[in-house]
Amino acid sequence: MTGGRVPLGIMSVPSTTSRPAAANSVWPRLEPLLPQVTKPIQYVGGELGAVVKEWDAATVRWALMYPDAYEVGLPNQGVQILYEVLNELPDVLAERTYAVWPDLEKLMRAHGVPQFTVDAHRPVRDFDLFGVSFATELGYTNLLTAIDLAGIPLLAADRTDADPVLVAGGHAAFNPEPIADFIDAAVLGDGEEAVLEITGIVRQWKAEGCPGGRDELLLRLARTESVYVPRFYDVDYLPDGRIQRVVPNRADVPFRVHKRTTMDLDAWPYPKKPLVPLAETVHERYAVEIFRGCTRGCRFCQAGMITRPVRERSITTVGQMVQQGLEFSGFHEVGLLSLSSADHSEIGDMCSGLAEQYQGTNVSLSLPSTRVDAFNIELAQELSRNGRRTGLTFAPEGGSERIRKVINKMVSKDDLIRTVVTAYTNGWRQVKLYFMCGLPTETDDDVLEIADMAHEVIRAGRAATGSKDIRCTVSIGGFVPKPHTPFQWAAMQRPEVIDHRLRLLKQAINADRSLGRAIGYRYHDGEPSLIEGLLSRGDRRVGAVIRRVWEKGGRFDGWSEHFSYQRWVDAAAEVLPDFGVDLDWYTTRERDELEVLPWDHLDSGLDKDWLWQDWQDALSEYEQDDCRWTPCFDCGVCPAMDTEIQIGPTGRKLLPLTPVNGLKLPTGAQQ
Amino acid sequence: MAFSQGFTPHPKISYASAAPTGVASEAEYLEIGLREAVDPEQLRVALDAALSSGLDVLDAVVASGTSLPDRIEASHWRIELPQVEPEVLAKAVDAFTAADEVLVERMTKQGRRTFDARAAVVSLDVSASSATPSGAPAVPCAILELVVRQVTPSVRPDDVLSGFRVVAGLEPPVAPKVIRLAQGTLTAQGAIVDPLDAERDGATIGGR
């Protein structure tokens, strides 16, 4: 070995006996199955940051699930935050569970092993609460697998006091109607305080000796007006299939259920002890949310609509979280996350301060941003001081100026080209441009303009750098109209039309062979988007489709190798005609102003009249400013939720870090 | 922790003949490069604290002399074969030992390969179930103690079991449990010597 480094031989002896199984652990039955499945490490648990508590010492026990494979689910911020917040309470225990792959599912069924947590391998059915976080609707079939494997009745109506209360959360919970029959409750909005309130209600109810059983507990949850219990609401339909009304079917249940908003992010600096996976996962980094909410007003963006108002985490809290998070975890990458990170009022000082603090170390910083402007490049330059300029992403989202007015993404073609050229001249060789296809009012020409833009980017980039060694990748996602957005009324485009436009675009990009060679092209077929559209704007009747697909073997619908369009089409054709509707009715049909939407009784704070007005503005190609720097435009959230925009700057700066030398030794007993 | 130079720096860490997935081990060795000198015992404590329970770091020494891979000549495995009569296993072992060469197949990263599983095997001992470490119930359980030389392609316990299938038609009815007990240099008598002994200078570290 060379260079003054001290090589060490380390002998590590994994003991086969040192892991005492919890009393209700399924580990002895699970372990023999693991050599027979792919990537068994994902089911073992024991990660740095994981917590195993004594079962009997806890009064309220949560099983938390991200309904996708471990490699996708583990890095999920939402689950990690709730896991930590709950486990900080002395009398509360939270463990994690993920979707098992079909190979293990088969073995678990054959050997009678139930859905288990990875922490102490306890059966999910033993817990008081089963919280499932849905970032996307494509996890619904995995939810059914988990419920069924857990030995919990699929239908909420069939469950007894022996079953956990299944609570759905995450962005998809803003319209939980398609899974209303399978869940007991849904929480809209920020989870930090909501899980504590639910925990408090369960604790109290158990302390009283569980009066009134499950029904009483659900009623107490519903009375908070921020927990939606679908069974307490009846949905009536009109003869033409539309919803007539959604009304409570018992007293003291609110007509509308409101979303939760955590106002002071500095008071909730989680995750403090991020989970460090033993298996490979999609993100291996310390992620810190630098703000929540977004008022840019992109009309397709559900996240931007349902997480209002903007609430910033201060530069000093972010700095402290990064320092502690890295020290705890040993990660080498930091992600400064939010819906549009370059918009943080202190982002410049934050990036230069962190870059300064970690200069000369192996820590790399990243900043996802959808902004298309020079400032974005300035930040990226700051963050890539160590010399790695791998790729930059810009998201114009729409190909033509006209369609960008429809979706309210205010960037001109000239700005875009100028920005990308600036990136090239500053040393970036690879730029990714993100667009959507299938947007409302979109024509073939709108999509074909993407090719012009890409050509011009390469042409201008070559001229500015004098080099042929620059590339751009055009990446296209399918538009899916989402609840609580101005596009919630919009018709989806048929997959054939989408696929045709994508083919035309490919031809147009390659029409100029010299330029085309420098342009990469990535896209998704239209079919999965249509199914996502069915699920995102579905009502309770869609639950029957989900169940049918699941019974026919549907699993992991977010994975192209597992997703079957035909299975969804067949299930819809089998189930929906009984209700007088069909797949098209849910997807390619435009709704009118007065139609009762399945999620109207769920309050995201957005005023429905404002959403409709914004939809009309979209159709007339009228843009809407951001209320952070222009006057309030009355979207309704702040007054309805009693919240306000919280932005800096605080004027503080990040101080240089005192370098931590030597080893991080455990202080006292490790948990 | 030291990192490699270059566009994407990697931590300097290398594993010597890591056990295959799904196999228990009491003796894995790895080598890491550090940026500065640290006390090996403190390093051991720090690493052990960061790893999950069951992955226990028992010892650390400052490397000197020959490289770690050069010190790993052989591996000692214990293979429990539940529901296999010891006499049946003994017959398979005899047939295997008697053969000059036992060709087996395995999927490797380079595709399906055929290689000899016999030559690398130093010793094979069969014992009966009474000593079953994992406390299996009252079914027969044969136990195989296997010492195998580190060669390329490596001959793993499952390759030796494949060899038993080839020479004696032995098919274990349930999945065998495999534990690696030791690795190290091989003495003329066929014993395995701890590869870190050289650095220990005879001192007792970690209660050994």
Exercise for the section: Considering non-hydrogen atoms only, spot the tightest contact between B:Thr21 and A:Pro40 and give its length. Expected result: CG2-CG, 3.6 Å
Handout entry: Closest contact, heavy atoms only, A:Leu278 versus B:Ser52
Key = CD1-OG, 3.4 Å
Handout entry: Crowding at NZ, A:Lys39 (>12 non-hydrogen neighbours, <6.0 Å)
Key = no
Problem - Within 6.0 angstrom of A:Glu280 CD, more than 12 heavy atoms from elsewhere - result: no
Handout entry: Test side chain to side chain donor-acceptor pair (under 3.5 Å) applied to B:Glu145 - qualifying residues, sequence neighbours left out
Key = B:His76, B:Arg78
Fill in the blank from the handout: Closest heavy-atom pair, A:Pro35 versus B:Gly22, reported as atoms and distance to 0.1 Å, is CG-O, 4.4 Å
Practice task
For atom CZ of A:Phe328, decide whether the heavy atoms of other residues, nucleotides or ligands shown that lie under 6.0 angstrom number more than 12.
Solution key: yes
